[in-house]
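Counting starts at 1 for both ligands and their atoms, following the listed order.
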Amino acid sequence: MEAFCILDALNAALLAAAEGWEGFEPELRLADPRFGDFQANGVLPFAKKLGKNPRALATQLLQQAQEALRGLGIEGELSGPGFLNFTLQPELLERWLTAYASAEAFVAGAATLYPGRTIVVDYSSPNTAKEMHVGHIRSTVIGESLARLLRLCGAKVITDNHIGDWGTQFGILILEIKRQHWDLDAPHPDPLAALETLYRDGQARVKEDPQAAAQARQELVLLQQGDPQNFKIWTQVKQISYAAFEAIYRRLDVHFDHVLGESFYRDKVDAVYEQLQSLGIAQESEGALVVFHPEHPRFAKTPFMIRKSDGASNYASTDLATLCYRTKILGAQEILYVVDVRQQDHFEQLFLTANKWFNSMGKTLPVLCHIGFGTILGADGKAIKTRSGGTVKLKALLDEAEQRAYAAVTQKNPQLSEEDRRHIARVVGVGAVRYADLSQNRSSDYIFDWDKLLAFEGNTAPYLLYAVARLHGILRHAPLESPSAAAPLETPHELALAKKLLNSVTALKQSLMELRPHFLCQYLYELSGTFNAFYAVDKVLTSDPPTQAKRVALCRQTLNTLTLGLETLGMETLLQM
Ligand code: ARG
């Protein structure tokens with residue numbers, strides 16, 4: 001069986017050749033294409049440690065690896081003070097392309113990259129009684145793409161939308177609903193927007209009037225004690241909120257295995273308090289229950305509060321109960337929290353607490369990882385706002401994206417039917433917003449710019465979707481069954497495209513290891529560029545059947561790779577544009 005990951009195969013060959021070299025790491029990476037395909041930098045530091053001549057060691061390694069390299073179809077070369085450059089030979093490229101020509105074979109290969117782990121991905125997680133705003137798009141699309149990536153690479157992924165449906169906002173909201181005699185059963189064009197307004201009214205009142213504030217707290221206590229009227233209101237608010245969230249998830253093609261909101265854990269927090277107290281991890285302080293982390297410089301003075309002084313649970317209590325549930329019931333070995341970096345302190349304290357908790361019970365804690373992301377900025381470099389200064393609603397943002405894309409398609413292709421243009425506009429509009437987000441390193445803030453994200457040039461969704469549509473167009477004219485065997489790869493553009501296709505594996509791995517979708521985006525962008533350069537020079541539909549067979553195969557594989565890559569990012573593709 002042809003190795004799926006050539007980089008791993010090469011790494012294994014070098015390690016085997018370096019038998020007895022205690023602690024040697026080849027340190028393989030992609031090379032500057034002028035010198036080769038891969039480069040091993042590990043001999044230098046290793047030689048330095050032993051006080052040996054690096055060139056001599058590198059020569060020795062190359063000799064010892066010679067046979068294995070020949071078997072793989074890789075040529076090695078010594079360079080500089082002791083680097084090794086490796087070039088993939090055409091026969092290796094051809095073997096690999098043949099082995100992973102079909103989407104099924106590629107998917108089977110990808111599933112060997114990270115097999116078997118049970119991973120819970122916690123993402124999107126908006127709060128009820130409020131519309132989703134632009135801040136939620138990052139968690140939603142980054143989380144969805146990481147879930148798809150991990151699944152593709154062989155993990156058992158469980159997605160969970162940890163909606164905030166048990167917070168203090170309900171006291172205020174219930175009070176206001178009662179005060180205004182708001183009828184939750186009456187039909188309303190945008191019920192969630194109405195609830196948000198009610199909540200804001202309530203907030204203003206509570207701020208001014210201490211008596212109202214006390215009443216709001218009382219409403220929350222009633223809710224938490226199971227008062228039937230308040231519980232009914234709460235349930236309805238939750239339904240209204242979730243229906244609106246679902247409409248967004250449908251547009252974004254986002255799916256959850258579970259939607260276990262904070263409220264799901266309301267009867268599970270007492271056990272957390274008891275355990276943490278009896279294990280001596282949590283202690284009472286000024287009426288609240290807290291966990292101190294004196295060993296941590298940043299939290300030495302601010303403990304992690306896990307129960308409020310009025311006895312109510314909070315974000316930390318439910319997160320601890322959630323962690324326990326995901327470990328015990330869902331069997332999580334890893335948990336990813338895709339949440340704004342501004343919540344870093346919360347997660348650090350949560351993880352420190354969980355560590356102490358599981359340690360003192362002698363249990364293994366799942367690998368916990370906060371997948372933080374930066375803020376979306378407006379043109380002024382500050383958090384994006386509407387013209388009137390309000391938060392940008394996600395629904396409005398997606399609507400505008402579709403409208404702008406519709407205008408662009410209509411201008412480009414007025415001859416297409418209205419229905420086709422609407423469909424294209426939806427895929428391009430939503431895809432452009434999503435891709436603009438995913439193509440940025442998630443740790444950074446980025447400036448939201450309509451012109452840039454809808455441009456047909458550069459690392460954008462329209463550019464990639466256009467490459468896909470173009471490939472569909474080319475292949476429509478190619479015969480399904482080639483009448484002849486493919487000729488060997490030969491021209492510089494054929495070889496460059498073939499290598500780029502093999503590098504899809506490296507891109508997947510890099511995205512996977514760092515849990516950053518932008519590496520995959522960058523790769524797909526480069527693949528499209530390599531393909532366009534190939535197509536501009538090497539004629540695909542030619543009168544020479546063996547040449548046509550090989551080039552059609554390259555086109556098919558490029559299309560498969562682009563389609564699967566975009567699907568992994570959560571994006572739909574188009575047959576025409
Ligand atoms: N609802 C929270 C918010 O809007 C995000 C929840 C993230 N998940 C978690 N397990 N804490 O900020």
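Ligand 1 has an N or O atom lying under 3.5 Å from an N or O atom of Asn127, backbone or side chain. The N/O atoms of His136, backbone and side chain alike, include none that comes under 3.5 Å of an N/O atom in ligand 1.
Remark: Arg516 CZ to Ile142 CD1 distance equals 9.5 Å, nearest 0.5 Å. Taking CG of Asn230 as the start and CD of Glu219 as the end, the distance is 4.5 Å to the nearest 0.5 Å.
Shown in contact with Tyr337 at under 4.0 Å from a heavy atom are these atoms of ligand 1, numbered in order with element: 10 (N). Close approach of ligand 1 to His162 is summarised as follows: ligand atoms under 4.0 Å from at least one heavy atom of the residue are 8 (N), 9 (C), 10 (N). Annotation for ligand 1: atoms under 4.0 Å from non-hydrogen atoms of Val339 are 7 (C).
In terms of protein heavy atoms, atom 12 (O) of ligand 1 is closest to Gln343 NE2, 2.8 Å. Counting protein heavy atoms only, atom 6 (C) of ligand 1 is closest to Tyr315 OH, 3.2 Å. Looking only at protein heavy atoms, the nearest one to atom 8 (N) of ligand 1 is Asp122 OD1, 3.2 Å.
Not a single heavy atom of Thr322 sits less than 4.0 Å from an atom of ligand 1. Taking a 4.0 Å cut-off on heavy atoms, Tyr123 fails to register as neighbouring ligand 1.
With respect to the salt-bridge test (charged N to carboxylate O, under 4.0 angstrom), the residues Glu196 and Lys393 qualify. Arg298 has a carboxylate O that lies under 4.0 Å from a charged side-chain N of Glu348, or vice versa, which qualifies the two as a salt bridge. Salt bridge Glu402/Arg422: absent, no basic N to carboxylate O contact under 4.0 Å. Salt bridge Glu567/Arg148: absent, no basic N to carboxylate O contact under 4.0 Å.
Residue contacts with ligand 1 for Ile163 are absent, since no atom lies close enough (heavy atoms, distance under 4.0 Å).
For Tyr337 and Tyr123, the distance between ring centers is not under 6.0 angstrom.
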